[in-house]
There are 2 protein chains.
Amino acid sequence: MTKVLIVDDEPQILRALRINLRARGYDVEVVPDGTSALKAAAAYHPDLIVLDLGLPDMDGVDVIRGVRGWTETPIIVLSGRAGSEDKVEALDAGADDYVTKPFGVDELLARMRAVTRRHSSVAEVTPIVRIGQFSVDIASHSVHGTDGSEVRLTPTEWGLLSLLVRNPGKLVSQRQLLREVWGPQYQSETNYLRQYMAQLRRKLEADPARPRQLLTEPGMGYRFLSQD
Amino acid sequence: MTKVLIVDDEPQILRALRINLRARGYDVEVVPDGTSALKAAAAYHPDLIVLDLGLPDMDGVDVIRGVRGWTETPIIVLSGRAGSEDKVEALDAGADDYVTKPFGVDELLARMRAVTRRHSSVAEVTPIVRIGQFSVDIASHSVHGTDGSEVRLTPTEWGLLSLLVRNPGKLVSQRQLLREVWGPQYQSETNYLRQYMAQLRRKLEADPARPRQLLTEPGMGYRFLSQD
DNA sequence: GCCCCTCGTCAAGATCGCGTCAAGAATGCC
DNA sequence: GGCATTCTTGACGCGATCTTGACGAGGGGC
């Protein structure tokens, strides 16, 4: 049974989530603030954490950092503000995905499934992933088509693709992509991302204009969706 | 032939080991202190290191750390002290096995066989590969043409080729090639790679200007592609 | 409904990395 | 000591890659 830790200070949200998730077969634990969230994460070892950024006692981003200090447990962030600044910050701190309030329970459930699937599949090395009709072999740094043809990627293209593929299902922020592929001083050169994501889609996606696996999350970042 | 580097400051032990190991068919190099051990490890690329912990110039454990910084070459530690404290420390630093002085040569030889077997069983699956019209025998260090002619490779050429061949289909980064063939301080001398890859292609590829098996991955490294 | 921001796309120029040639320095062999 | 082999180092042209700028389309906020 999947264990979920919910961190939120609004009683009605807690109540709604607890009922809905229990009905779906989740094992649910709820806490109202950051301090008890960190404690509960350590004591309860949840498989997934749903975290509201607006907590009474501490900044939600610091809760993420505290959890990430010792575990990779997936974290889905809830945010009341539609403004993207804090959400980007949360993703950079290590959150896996985010949902803006007000949200439909179905949406949250879908993201929970996506994120837990990603986490369980990471354990099994995932040396080869499929994009469209191509297989990407992370270990040997090569991409082959089903017909045996070979796709050549430049170093930058490869850096970008491998970062996304190593985090399947996770929304990776623009900042993190730029930081890890180009370096810390390039964190605002979003045009690089547009340029190279377009190149990757041209080389890998069946219909580059309508990407199915190399997805854009407007204002946030990019996401690789594994097909299965 | 297995190359062994022996690090010890006692002349009689050095002498005994050199004679015994040479008689058993090992290629033996000896050095008397930690500084020259690190140098020799980089220059000589032994298949195995036998290291006395009591050295005149530096702590033996630091020698282990120095070697482990850039290679997985197996290390067997010799120590006069039977106490387990330094033994644990040495193993933690990356030593593979441990022999307490005084020891029988037979015991050391047994441990050497065990350790090299464990280490080589990983890669020693492809003893003979074909490049163009030549067959490369990794085990016996020789290259023959289909017509029986023999191709001579220099030590450096051989080091480069064997590293690539032991990773068939995999991209080997420039840094790794430089580190394992020339040593850790050469990691940015990419012109060496250009030089020697050209020489290998001249000697082995049918059309050196259009290599089919010794491939360049621009900006990243080189790759050996086995033919079939 | 209008405006602004972000994304996808295209097209250039600048830069980098590779292959190649060549020559001096080190090393080992006779 | 002399010779041959091997290793090191430098330079150069060319092509691929990266960088940079500009423009239209679409979506969300006001």
Side-chain angles (χ1 to χ4, degrees), chain A residues 79-85 87-88 100 102 150-161 171-175 177-178 181-183 185-205 207-223, chain B residues 27 29 39-40 42-45 141 150-161 171-175 177-178 181-183 185-205 207-223:
Chain A
S79 169
R81 290 157 290 183
S84 61
E85 188 54 41
K87 284 185 290 200
V88 169
T100 305
E150 189 172 345
V151 178
R152 295 187 51 79
L153 297 183
T154 73
T156 309
E157 287 166 2
W158 188 264
L160 189 56
L161 178 63
L171 169 51
V172 186
S173 74
Q174 298 176 345
R175 284 233 296 266
L177 289 166
L178 287 165
V181 176
W182 279 270
Q185 66 271 38
Y186 291 82
Q187 290 188 110
S188 51
E189 304 282 344
T190 56
N191 46 334
Y192 288 11
L193 290 178
R194 300 208 297 276
Q195 174 73 352
Y196 280 91
M197 284 304 299
Q199 289 186 28
L200 283 177
R201 285 166 177 159
R202 244 196 314 276
K203 289 186 178 182
L204 299 175
E205 287 272 9
D207 182 0
R210 224 160 280 105
R212 306 182 61 88
Q213 296 185 261
L214 299 170
L215 307 179
T216 303
E217 299 283 342
M220 298 282 111
Y222 293 85
R223 183 200 307 268
Chain B
D27 183 2
E29 190 82 3
K39 258 187 236 159
Y44 181 65
H45 287 281
H141 276 224
E150 187 172 350
V151 178
R152 293 183 48 79
L153 297 183
T154 73
T156 308
E157 287 166 2
W158 192 264
L160 188 57
L161 179 63
L171 168 63
V172 187
S173 74
Q174 299 176 346
R175 289 177 74 97
L177 288 166
L178 287 165
V181 176
W182 279 270
Q185 66 271 37
Y186 291 84
Q187 290 188 95
S188 52
E189 304 282 344
T190 57
N191 45 334
Y192 288 11
L193 290 178
R194 301 209 294 276
Q195 174 72 352
Y196 279 91
M197 284 304 299
Q199 289 186 28
L200 283 177
R201 283 166 179 160
R202 250 197 309 278
K203 289 185 178 181
L204 299 174
E205 287 272 8
D207 182 0
R210 236 172 305 286
R212 306 182 62 87
Q213 297 186 260
L214 299 171
L215 307 179
T216 303
E217 298 285 343
M220 300 189 283
Y222 293 86
R223 182 198 306 273

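Numbered from 1 within each chain, the chains take letters A, B, ... in sequence-line order.
Looking at heavy-atom distances under 4.0 Å, Glu157(A) makes no contact with the nucleic acid at all. As judged by a 4.0 angstrom heavy-atom cut-off over every strand, Glu217(A) is placed among residues making no nucleic acid contact.
With DNA chain D read from its 5' end, the first of the two nearest nucleotides for Pro155(B) and Pro218(B) is the one closest to Pro155(B). The nearest heavy atom of DNA chain C to Thr216(B) and to Ala209(A) marks one nucleotide each, and the one closer to the 5' end goes with Ala209(A).
Side-chain N/O atoms of Lys87(A) and Ser173(A) include no donor and acceptor closer than 3.5 Å.
Taking every nucleotide of DNA chain C with any atom under 4.0 Å from a non-hydrogen atom of chain B, the first and last of them, 5' to 3', are dG17(C) to dA22(C).
Separating the CZ atom of Arg210(A) from the P atom of dA25(D) is a distance of 16 Å, rounded to the nearest angstrom. Rounded to whole angstrom, the span from the CG atom of Leu200(B) across to the P atom of dT6(D) amounts to 13 Å. Residue Leu193(B) contributes atom CG, which lies 14 Å from atom P of dC7(D) at whole-angstrom precision.
Note: Tyr222(A) OH to Glu217(A) CD = 10.5 Å, rounded to the nearest 0.5 Å. Taken from CG in Asp207(B) to CZ in Arg202(B), the straight-line distance is 13.0 Å, to the nearest 0.5 Å.
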*Step by step, would you call Leu193(B) with Leu160(B) a side-chain contact (heavy atoms from CB on, under 4.5 Å)?*
CA-CA 9 Å; Leu193(B) 290 178; Leu160(B) 188 57; 4.0 Å; yes
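Taking the six-membered ring wherever Trp is involved, the centroid distance between the rings of Trp182(A) and Tyr196(A) falls below 6.0 Å.
The salt bridge (Lys or Arg N to Asp or Glu O under 4.0 Å) check on Glu157(A) picks up Lys203(A), with sequence neighbours excluded.
A side-chain donor-acceptor contact under 3.5 Å links Glu205(B) to the backbone of Gln213(B). In this structure, the side chain of Arg201(B) engages the main chain of Leu214(B) through a donor-acceptor pair within 3.5 Å.
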Sort me out a list of protein N/O and nucleotides 19-24 of chain D N/O pairs below 3.5 Å, or just none if empty.
unit_1: dT19(D); atom_1: OP2; unit_2: Trp182(A); atom_2: NE1; d: 3.0
unit_1: dT20(D); atom_1: OP2; unit_2: Tyr192(A); atom_2: OH; d: 2.3

